[in-house]
Amino acid sequence: MSAATLVLNGTSYDFPVIVGSEKEVGIDIGRLRATTGAIALDPGYGNTGSCKSAITYIDGEKGILRYRGYRIEELAAKASFLEVTHLLVYGTLPTAGELRRFTRQLTEHTLLHEDMKKFYEGFPPSARPMSVLSTMVASLSTYYPDTQVDLNIIRLLAKLKTIAAFSYKKSIGQPFVYPRNDLGFVADFLHMMFAVPSEPYDVPDVVHKALDMLLILHADHEQNCSTSTVRMVGSSGTDLFSTVSSGVCALAGPLHGGANVAVIRMLEAIRDDGGDHSKFIAKAKDKSDPFRLMGFGHRVYKNFDPRARLIKEATDRVLSLLGREDPLLDIAKRLERIALEDEYFIARRLYPNLDFYSGILYRAMGLPTDMFTVLFALGRLPGWIAHWKEMREMHGRLHRPRQIYTGHTERAWIPIDQR
C-alpha cells in the first residue's frame, strides 16, 4: 500500500493512501492527531472525505454524474423515478417483478395517520412549506417508533409526497386531497397538489414526464450539505425520520436547496428593471457590487453541469407543448448565451448549473415558488435514505469534527462589582 509522508517539526509521519474505484486518491488521516498531536484544518470540508461510499460518483472537471455506476443522462432518459429510487436505496435496478412489488408497497403506505392532520391545523397560514415538511417528517417517529428499518424506509418514501402536498394545500387554505391508489407516484403527487374535492386534476403527460425527470436529477449528489447533515445526525443512532428531518432543514437554506428560488428572484429583478440583462452582467463582474449572478458556477462542477443540459431541454419542451411563454426564460437564455461567450465567465468556469433552469421549469408546470425546495426534498429523499442506510450497514463511527481554538487563554474570574 502506498503512503503519503507528512513532515511536522522535523519528524516524518506516513499515512495510508486510499484509491477509489474511479482512481480518486485520498490520504487516510484517521490517526493524524493520535500520532502527531495535530489536526487537519479544512474550513467547509472542501478537501475532506468524511466517508467511503458506493452510491454516487462525480467528476466535476469532466462534468460526470453517475448513480451506482449509471450515467445520469441515461437514467434521466430511460428510467422512472421509482426505478432510480430502488437503485439508490437497494443498490440495483429493479426487475419487473421487484418494481411491481416496490410500487405496491409504496402505494399501500401513502396515507397519513388521521391525527397528523391536527398538526397542520396548528401551523399559521404563513408557515413556509419547508418548515412544515421538516416538522411533519420528524413527527413520524412518534407514530412509528419501531425499529423495522426496511418498513420505515417504505413508509417515508411513500408518505413524503403526501406530507408535501398537504403542506401546499395548507399554505393556500384549500382542503387536503387524499392519495389515490390508481395513480403512479408522480401523478398521485400532482393530483394531491392541484385537485380539489369536486374537480379531479388531469395530469398533462408532458408535466408528468418533466417532474419525473427532475426528481431523478435531484435524487443524489454525493456529500453535499444536506446529505452530510443526514450522515452526521444519523451517526448518533438517531431514527430515520428525525435524521431525514435534519436533511430537510439543511436543504431549506438559500445557498443549498433554495438556490433555484434565488435564480427566479434574480430574473424577476432583471425583468422589473426593464430587462436589460447586459446591465446585470456588468454588475456581476464588478467586484465592488454586491450583486451575484445566481445559477452559475458550482462548488463541484468545473465544467457544464450535466443536469443543466437535461433541464434546459425539458424546459423548452414543456413551454412549447403547453403553449406557455415565460419572459423569465427569455432573460435566462440571454444571460446564458452571454455568460458562455464572455471571457470573464469562461476563465472562471461559471457555467449554468441545475438551479438555473429548474425554477423556470417548476414555474412552467404551475408549481409555486414556495414549493420549489419541497420538490427538491422529495427528489433528494432516496439519496438521503441510501446514505443513512449505507452508513448504518458500514457501522460508521459517531461523527465528531475537531477545531482550532482561537479564543482567550485562561483568565481569572472577576467579581461582578469589579467588572
Side-chain angles (χ1 to χ4, degrees), residues 81-82 85 103-145 151-204 207-208 210-212 214-215 218 240-242 244-245 247-249 251-252 257 261 362-363 365-382:
F81 177 60
L82 290 191
T85 297
T103 303
R104 183 176 65 253
Q105 287 176 314
L106 295 182
T107 302
E108 291 171 352
H109 290 277
T110 52
L111 286 172
L112 302 181
H113 193 290
E114 280 294 293
D115 285 352
M116 293 185 72
K117 291 169 59 178
K118 298 175 183 176
F119 296 168
Y120 286 98
E121 296 171 5
F123 292 113
S126 59
R128 299 180 64 184
M130 277 296 274
S131 299
V132 176
L133 189 74
S134 63
T135 302
M136 298 303 293
V137 170
S139 72
L140 287 172
S141 62
T142 64
Y143 288 88
Y144 308 106
L151 180 55
N152 282 344
I153 287 173
I154 292 296
R155 284 167 171 159
L156 184 53
L157 287 169
K159 296 180 189 302
L160 192 70
K161 63 183 173 71
T162 307
I163 292 173
F166 282 16
S167 300
Y168 172 64
K169 288 296 193 182
K170 165 68 181 180
S171 71
I172 60 174
Q174 288 187 2
F176 298 147
V177 175
Y178 282 77
R180 282 173 44 182
N181 290 351
D182 62 315
L183 295 177
F185 187 91
V186 171
D188 189 31
F189 171 71
L190 290 169
H191 164 76
M192 288 190 286
M193 283 279 294
F194 296 121
V196 294
S198 59
E199 299 178 23
Y201 176 70
D202 185 19
V203 181
V207 172
H208 181 284
L211 183 54
D212 195 78
L214 269 171
L215 295 178
H218 280 125
L240 173 63
F241 305 115
S242 300
V244 168
S245 178
V248 174
C249 292
L251 189 69
V261 176
Y362 284 143
R363 278 169 57 94
M365 293 189 290
L367 293 161
T369 306
D370 278 352
M371 286 296 293
F372 289 2
T373 316
V374 174
L375 266 294
F376 198 153
L378 187 61
R380 184 55 54 87
L381 180 61

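Keep in mind that what you see is a predicted model, and the values were worked out from it rather than measured.
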Nearest heavy-atom approach of V248 to L133 is CG1-CD2, 3.9 Å

- Message: What verdict does the side chain to side chain contact (heavy atoms under 4.5 Å, CB included) test give for L140 and K159, after you've listed the backbone C-alpha separation in whole Å, the side-chain angles of each residue and the deciding distance to 0.1 Å?
- Response: CA-CA 9 Å; L140 287 172; K159 296 180 189 302; 4.1 Å; yes

Side-chain contact, heavy-atom cut-off 4.5 Å: M130 with L251? yes

Rounding to 0.5 Å, atoms CG (L156) and CG (L106) come to a distance of 10.5 Å

Sequence neighbours left out, cut at 3.5 Å: what donor-acceptor pairs do the side chains of residues 115-126 make with other protein atoms?
{"residue": "K117", "atom": "NZ", "partner": "E114", "partner atom": "OE1", "Å": "3.4"}
{"residue": "K117", "atom": "NZ", "partner": "Y178", "partner atom": "OH", "Å": "2.9"}
{"residue": "Y120", "atom": "OH", "partner": "I163", "partner atom": "O", "Å": "3.1"}

Any F372 side-chain heavy atom under 4.5 Å of R363 side chain: yes

Side chains of residues 187-196: which donor-acceptor partners sit under 3.5 Å, not counting sequence neighbours?
{"residue": "D188", "atom": "OD1", "partner": "R180", "partner atom": "N", "Å": "2.9"}
{"residue": "D188", "atom": "OD2", "partner": "K161", "partner atom": "NZ", "Å": "2.6"}

Determine, stepwise, if the pair L157 / Q105 fulfils side chain to side chain contact (heavy atoms under 4.5 Å, CB included). CA-CA 10 Å; L157 287 169; Q105 287 176 314; over 6 Å; no

For the side chain of T162 and the backbone of T110, is there at least one donor-acceptor N/O pair under 3.5 Å apart? yes

Tightest non-hydrogen contact, residues V132 and A127, listed as CG2-CB, 3.8 Å

Contacts satisfying side-chain hydrogen bond (donor to acceptor under 3.5 Å, both in side chains) that involve residues 130-142 (not counting sequence neighbours) are none

Nearest heavy-atom contact between A164 and M371 is O-CE, 3.7 Å

Item to check | Non-hydrogen side-chain atoms of L211 and L375 separated by less than 4.5 Å | outcome: yes

